[in-house]
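No hydrogens, no waters, no symmetry mates; every other heavy atom, side chains included, goes into these values. One-based numbering along the sequence shown.
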Amino acid sequence: MDAGKEKSDEVEGLRLVRAFLSLSPDKRAEVIAFVEELARAHGRPREGEGTSPKGTSPR
(Lines give C-alpha, C1' and ligand atoms only; values in the text may rest on other atoms or scores of the structure.)
Protein backbone atom coordinates (compact mmCIF):
# COMPACT_ATOMS: atom_id res chain seq x y z
CA MET A 1 0.00 0.00 0.00
CA ASP A 2 1.42 3.38 -0.92
CA ALA A 3 1.81 6.25 1.55
CA GLY A 4 -0.94 8.34 -0.07
CA LYS A 5 -3.49 5.55 0.33
CA GLU A 6 -2.45 4.93 3.94
CA LYS A 7 -2.85 8.62 4.72
CA SER A 8 -6.28 8.66 3.07
CA ASP A 9 -7.39 5.62 5.11
CA GLU A 10 -6.13 7.26 8.30
CA VAL A 11 -8.02 10.49 7.58
CA GLU A 12 -11.21 8.55 6.80
CA GLY A 13 -10.85 6.59 10.04
CA LEU A 14 -10.49 9.79 12.05
CA ARG A 15 -13.60 11.21 10.36
CA LEU A 16 -15.56 8.11 11.33
CA VAL A 17 -14.38 8.33 14.94
CA ARG A 18 -15.32 11.99 15.11
CA ALA A 19 -18.78 11.28 13.66
CA PHE A 20 -19.30 8.42 16.12
CA LEU A 21 -18.29 10.57 19.09
CA SER A 22 -20.68 13.33 18.02
CA LEU A 23 -23.66 10.94 18.31
CA SER A 24 -25.90 10.85 21.34
CA PRO A 25 -25.32 7.95 23.76
CA ASP A 26 -28.48 6.21 22.48
CA LYS A 27 -27.34 6.42 18.87
CA ARG A 28 -23.83 5.22 19.82
CA ALA A 29 -25.41 2.16 21.45
CA GLU A 30 -27.38 1.49 18.24
CA VAL A 31 -24.21 1.74 16.14
CA ILE A 32 -22.30 -0.58 18.47
CA ALA A 33 -25.12 -3.15 18.40
CA PHE A 34 -25.26 -2.95 14.58
CA VAL A 35 -21.50 -3.43 14.20
CA GLU A 36 -21.47 -6.32 16.67
CA GLU A 37 -24.23 -8.02 14.68
CA LEU A 38 -22.28 -7.54 11.45
CA ALA A 39 -19.17 -8.98 13.08
CA ARG A 40 -21.10 -12.01 14.28
CA ALA A 41 -22.68 -12.55 10.88
CA HIS A 42 -19.38 -12.29 9.00
CA GLY A 43 -17.25 -13.95 11.66
CA ARG A 44 -18.99 -17.31 11.65
CA PRO A 45 -16.95 -20.00 9.94
CA ARG A 46 -18.81 -22.18 7.48
CA GLU A 47 -19.58 -25.71 8.49
CA GLY A 48 -16.39 -27.79 8.45
CA GLU A 49 -14.09 -24.75 8.49
CA GLY A 50 -12.07 -23.69 11.48
CA THR A 51 -11.34 -20.15 12.55
CA SER A 52 -8.09 -18.56 11.51
CA PRO A 53 -5.68 -17.26 14.15
CA LYS A 54 -6.10 -13.59 14.95
CA GLY A 55 -3.39 -11.09 14.15
CA THR A 56 -1.86 -13.06 11.30
CA SER A 57 -3.28 -11.19 8.32
CA PRO A 58 -0.67 -9.45 6.15
CA ARG A 59 -0.77 -5.66 5.89
Side-chain angles (χ1 to χ4, degrees):
M1 187 180 286
D2 64 83
K5 176 68 173 152
E6 286 181 21
K7 188 70 167 179
S8 175
D9 289 345
E10 184 177 314
V11 169
E12 184 63 22
L14 291 173
R15 286 183 185 142
L16 289 171
V17 169
R18 178 180 279 166
F20 176 77
L21 293 175
S22 70
L23 296 173
S24 69
D26 291 342
K27 292 293 183 183
R28 285 187 202 174
E30 287 181 37
V31 170
I32 290 169
F34 176 74
V35 171
E36 287 175 342
E37 182 60 32
L38 283 178
R40 278 192 293 275
H42 291 284
R44 291 185 192 138
R46 294 183 196 155
E47 192 170 322
E49 293 181 5
T51 58
S52 60
K54 292 184 179 183
T56 60
S57 63
R59 284 198 150 218

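- Taking CG from D9 and CG from L14, the interatomic distance works out to 11.0 Å, rounded to the nearest 0.5 Å.
- The salt bridge (Lys or Arg N to Asp or Glu O under 4.0 Å) test applied to R15 returns E12, not counting sequence neighbours.
- With sequence neighbours excluded, the residues forming a side chain to side chain contact (heavy atoms under 4.5 Å, CB included) with E30 are K27, listed by chain and number.
- Linking Ile, Leu, Val, Met, Phe, Trp and Tyr whenever their side-chain heavy atoms come within less than 4.5 Å puts V17 and V31 in one cluster.
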side-chain contact (heavy atoms from CB on, under 4.5 Å) between F20 and I32: does it pass, once the steps are laid out?
CA-CA 10 Å; F20 176 77; I32 290 169; 4.0 Å; yes
